[in-house]
Q: 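The structure's right below; bear with me while I get my questions together.
Each chain gets a letter, A, B and so on, in the order its sequence line appears, and its residues count up from 1.
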Amino acid sequence: MIAVLQALGVPGFAAAQPPVERSQRVAGVLAWGAALLLLAFLALPLVAILGKAVTNQQGGFVGIDQFVEIAGGAHFWHAVANSMAVSVTSAIIVLPLAYVFATALTRTCMPLKPLFRGLALIPLLAPSLLPGIALVYLFGNQGVLKGWFPDGGIYGFWGIVIAEVFYTFPHALMILITALSVADARLYEAASALGAGPVRRLFTVTLPAARYGLISAALVVFTLVIVDFGAPKVIGGQYNVLAVEAYKQVIGQQNFPKGAVIGLLLLLPAVFSFIVDAVLQKRQRALLTARAQPLVPQPQRWVDGLSMLACSAISAGLLLIIGTAIAAAFIKLWPYNLAPTLAHFDFDNMDGGGWLAFRNSLKLAGITALAGTVLVFTGAYLAEKTQAAPLARQLIRLFAMLPMAVPGLVLGLGYIFFFNDPHNPLHVVYGTLAILVLCSVAHFYTTAHLTAVTALKQLDGEFEAVAASLKVPFWTTAWRVTLPVCLPAVLEVARYFFVSAMTTVSAVIFLYTPDTVLASVAVLNMDDAGDTAAAAGMAALIVGTSALVCLLFGLLSWLLQRRTQAWRRR
Amino acid sequence: MKADFPVSTTTATELLRVDGIAKRFGEFSALSGIDLTVRKGEFLCLLGPSGCGKTTLLRIIAGLEVPTAGSLQLNQRDVTRLPPSERDYGIVFQSYALFPNLNVADNIAYGLKGRREDKLRRVNELLDLIGLAGIDAKFPAQLSGGQQQRVALARALATSPGLLLLDEPLSALDARVREHLRREIKALQQKLGVTTIMVTHDQEEALTMADRIVVMNHGVIEQVGTPEEIYAQPASRFVADFVGQSNWIDATFSAEAGVQVNQLGIALQTLPALAVGQRELSLFIRPEDIELHAHWEGGAMGEANTALGDIEKIELLGGFYRLGINVPLWGNLRLNVDVSRSTYQRMRLSPERRVPLTLPADKLRAFSKADAAFGAKALA
Ligand SMILES: Nc1ncnc2c1ncn2[C@@H]1O[C@H](COP(=O)(O)OP(=O)(O)OP(=O)(O)O)[C@@H](O)[C@H]1O
Ligand SMILES: [Mg+2]
């Protein structure tokens, strides 16, 4: 806030800025460009949702009437209770699993660590609809294991929870791995020297240090589940949750104001966990002092063996789900006729969008990767490495963090409300592929931005000063030095955008048209129409494409490392 | 150089003039009232303890920071509000900030414009100059710290700037390399005649390299002078303490009795004006300036600043010995005295021995007791 006041030149807060280079004027113009883009395609749609929530369907201002009306219905409170129940249960199940897995990866000498790590991240390649479909095949009315959930018991609470556990596992895992890798070996040595046994060490050293990671992982899982409507849509049956309610209000009944109100309510847990997370991160940083010694795990036969067993079991569960969906895509009529077939990939003869949907998704993912990477790196570079236009740079930093606290569902709603308004000059993008690209870039902006900022911060902060003293304009240094050094991060961001755009449903579900239908949307629609096998086929196709792209990017960055190892230290 | 007549008033030899520069960070005042002139071709060191504002001053000169007040003139041109690229200097940072993905030749040529061959020639010229011919194809990560430092220097000098700024250029190196590079940088600077401002908190570095030293403390300049002046005639207690070793002796002053230590008269060659009117004084003398005598050479005790002292402690510090001597006559005064190894052996000094010592009147300096910010440290 103070920074914004300073940037605005508010008297009393004015900070003297270093004199601005002629070349820096260009940086200023660019920074304003980036800030305005983020304003138009991120901040304003969110404002629009607020406006929609306080107006009725005829466009008249009604204040909080609609909140009151919705809160008065038992139906609503039922959905709230259901949403809370699945979210809390999922978090309670995911957390111990992810903790064990993360501990095995960071604190033991278990063999095959890279393999397990890779397997654990597989759910990231799939849309959140996939586990639902797989569960139908496993435990549904025709499922091979339907005895486990008799009388269609999988359609509902437990189906949603299992699907969400699959979907959120890698997210929790990554947070816990980060939290557990910042261990200070000296604390463990001190504890052992003081005679603390393994149990006591767990409770006095390990858990306190990982506490923030655990809280943050729990919040992330909770938020992801409560705002996800993919899994409940596919496997939820009659079990009504908030996210699906918002979807139904907007898509089914075209009741935009009501959808806006529910969307805003879904924003609450996300914003709450965002704030808690920000506070925790500040504390976590202090935990690891500069002198901390990294912990090097020692081989322990029993611990390593048990860890491997646990990781194998968890990986097998994940593989079972993804494997079922892929297998179902290639099998004639599950479970009666197991002959292999490609018939389910004949999308053009089914409802849902056909191969056009897949081609659109490829286009969307490709363009999002390209445009998103360019925008994110330009924005991050301007914000971190230039001096002109301090207000614009501050706005970029602020807006960049917003998407983290905004579920895709809410962003999607904001986009319809904002761009569907015929008075909006930006209305022209409504119904085009462009709006899908813009929405996807905005949706995944924060993670990409943080990756870019981390990479940029690793560069010596004096490069720009040296270049200025040598009278070299900033873009030369950005092109010749900053970009080449950050190339691995650039690839990482591009990969992240591609895979995310390929798998997402939540935001784009509100924005596609018959011409711009997407693969993940097609999965939902085909499943809705009863073409479960085709839905599985499309989901498998998405997983395959994401995996292929990840491999390609992996290869690319391997080649890059090899070519540049002369100047990269390790 | 023609320094026989006063040159300070002519501006022809003046490259940089710093006028009343101040810098505040919020409530904190990092610099205040900095006045300084830098002459063409000189090697100026900014010396001071950590956090005294040296880097801030250097960054203001470089245009990377804007002063809160004051002005800067470079070549008689007001550059206070000019961006870095419109000033004329080369800079070497503590981290060197070499571009990791460019090889040595490309790093050095980074600021050069013009034809390829010209750049190449200039790069080779500079590599010869820094004594690293033949490493042009290596990357910074493949060089030692000392080599990186010299490449950064070559890059800063490539465009032949009128002013060279160095921010603790040697602090990241180990002691031996540092000593070697001190001499090299100094020789290079003299050869090129480039005006240089170097920031350091290492007094030895400043004393050996600088033509003039600016001693700073808490954002103000304490003294500007040649290394000899700074060392032998420190202008303040702070300077005396910060540069070199010192002994502090409590003394009193009155018009009738003159300067007295433990009520015994002490002769001083110069009594600075500030001392007159002060009752309490601190006398200052360097450990190596105290003279030891093999025998008592006659005269009464305490006369001619001479007294007997008991050797209490002996430390070998490389090339010399540091003796801790207690002088009962001056109120059990503890003095540190440095003697060379040859003197030590010639006089057959040993613990518990009693030696006559003299505080030469021309080496004693008086400071007001009120300026006692660092008194505690000196006596500790
Ligand atoms: N951007 C800033 N914001 C706030 N305070 C600052 C800033 N830059 C420097 N300071 C403060 O100004 C004072 C002087 O800093 P400076 O870096 O000039 O010290 P220095 O003499 O170079 O010290 P060192 O030898 O440690 O490098 C310090 O107390 C520092 O904390
Ligand atoms: Mg400094």
Side-chain angles (χ1 to χ4, degrees), chain A residues 2-3 5-6 9 12-28 385-388 390 455 458-488 490 560-561 563-570, chain B residues 22-26 58-69 72 79-104 106-113 137-143 152 155-159 161 163-165 167:
Chain A
I2 288 181
L5 290 175
Q6 283 178 344
F13 284 99
Q17 289 291 323
V20 165
E21 209 89 33
R22 236 169 288 155
S23 76
Q24 288 275 332
R25 305 240 167 88
V26 179
K385 301 282 183 187
T386 63
Q387 277 121 44
Q458 276 165 5
L459 264 64
D460 194 318
E462 314 287 14
F463 283 171
E464 283 68 29
V466 166
S469 80
L470 293 172
K471 305 179 172 52
V472 175
F474 81 91
W475 55 78
T476 305
T477 310
W479 179 252
R480 286 193 63 194
V481 180
T482 318
L483 187 65
V485 175
C486 289
L487 214 47
V490 171
L560 182 75
Q561 292 284 340
R563 264 202 50 190
T564 59
Q565 69 184 3
W567 56 266
R568 270 185 215 280
R569 285 164 247 222
R570 251 159 292 151
Chain B
K23 176 73 185 175
R24 307 183 66 83
F25 292 110
L58 197 78
R59 291 179 69 87
I60 287 174
I61 294 172
L64 302 171
E65 207 90 64
V66 180
T68 319
L72 283 177
V79 297
T80 320
R81 309 289 316 175
L82 286 188
S85 62
E86 285 161 50
R87 304 182 180 198
D88 172 36
Y89 67 89
I91 190 163
V92 176
F93 289 102
Q94 191 171 0
S95 61
Y96 313 145
L98 290 174
F99 304 125
N101 62 323
L102 302 184
N103 63 24
V104 168
D106 288 341
N107 259 291
I108 296 177
Y110 201 77
L112 295 176
K113 296 186 178 67
K138 290 199 173 177
F139 289 103
Q142 299 167 323
L143 303 180
R155 181 178 63 183
L157 291 170
T159 52
L163 177 63
L164 179 64
L165 305 177
D167 189 1

Q: Between B/N103 (side chain) and A/W567 (backbone), is there a donor-acceptor pair under 3.5 Å?
A: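 Such a contact is absent between B/N103 side chain and A/W567 backbone.
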
Q: Assess the side chains of A/T477 and B/Y110: does a donor N or O sit below 3.5 Å from an acceptor N or O?
A: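 A pair is found: one side chain offers a donor N or O, the other an acceptor, under 3.5 Å apart.
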
Q: If we only count heavy atoms from C-beta on, is the A/F463 to B/P100 side-chain gap below 4.5 Å?
A: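 Yes, at least one pair of side-chain atoms sits under 4.5 Å.
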
Q: Would you name the heavy atoms of B/D106 and A/R480 that are closest together and state the gap between them?
A: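 The answer is CB-NH2, 3.9 Å.
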
Q: With a 4.5 angstrom heavy-atom cut-off, which part of B/L98 approaches chain A: side chain, backbone, both or neither?
A: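 Backbone of B/L98 only, per the 4.5 Å heavy-atom cut-off to chain A.
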
Q: Given that the side chain runs from C-beta out, which part of B/R24 has a heavy atom under 4.5 Å from chain A: side chain, backbone, both or neither?
A: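 For B/R24, neither part sits under 4.5 Å from chain A.
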
Q: I'd like to know which of B/R59, B/Q142, B/R155 tops the heavy-atom pair count under 4.5 Å against chain A.
A: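 Max contact count across the listed options: B/R155.
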
Q: Can you tell me which portion of B/K138 sits under 4.5 Å from chain A's heavy atoms? Options are side chain, backbone, both or neither.
A: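 Interface part for B/K138: neither.
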
Q: With chain B, which of A/L459, A/V481, A/T564 has the greatest number of heavy-atom pairs at distances under 4.5 Å?
A: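 Ranked by contacts with chain B, first place is A/V481.
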
Q: Does any backbone or side-chain atom of B/I91 lie under 4.5 Å from a heavy atom of chain A? Answer side chain, backbone, both or neither.
A: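 Looking at B/I91, backbone and side chain both touch chain A.
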
Q: Of the non-hydrogen atoms in B/A97 and A/V466, which two are nearest, and what is the gap between them?
A: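 Where B/A97 meets A/V466 most closely, the heavy atoms are CB-CG2, 4.0 Å.
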
Q: Do A/K471 and B/D88 come within less than 4.5 Å of each other through their side chains, counting heavy atoms only?
A: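 Yes, at least one pair of side-chain atoms sits under 4.5 Å.
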
Q: Taking side chain as everything from C-beta outward and backbone as N, CA, C, O, which of these in A/T482 sits under 4.5 Å from a heavy atom of chain B? Side chain, backbone, both or neither.
A: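 No part of A/T482 comes within 4.5 Å of chain B.
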
Q: Any side-chain heavy atom of B/Y96 within less than 4.5 Å of one from A/D460?
A: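 No, too far: nothing below the 4.5 Å cut-off.
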
Q: Please examine the side chains of B/S95 and A/E462, heavy atoms only from C-beta on, and report whether any two atoms are closer than 4.5 Å.
A: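 Counting from C-beta outward, A/E462 and B/S95 do come under 4.5 Å.
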
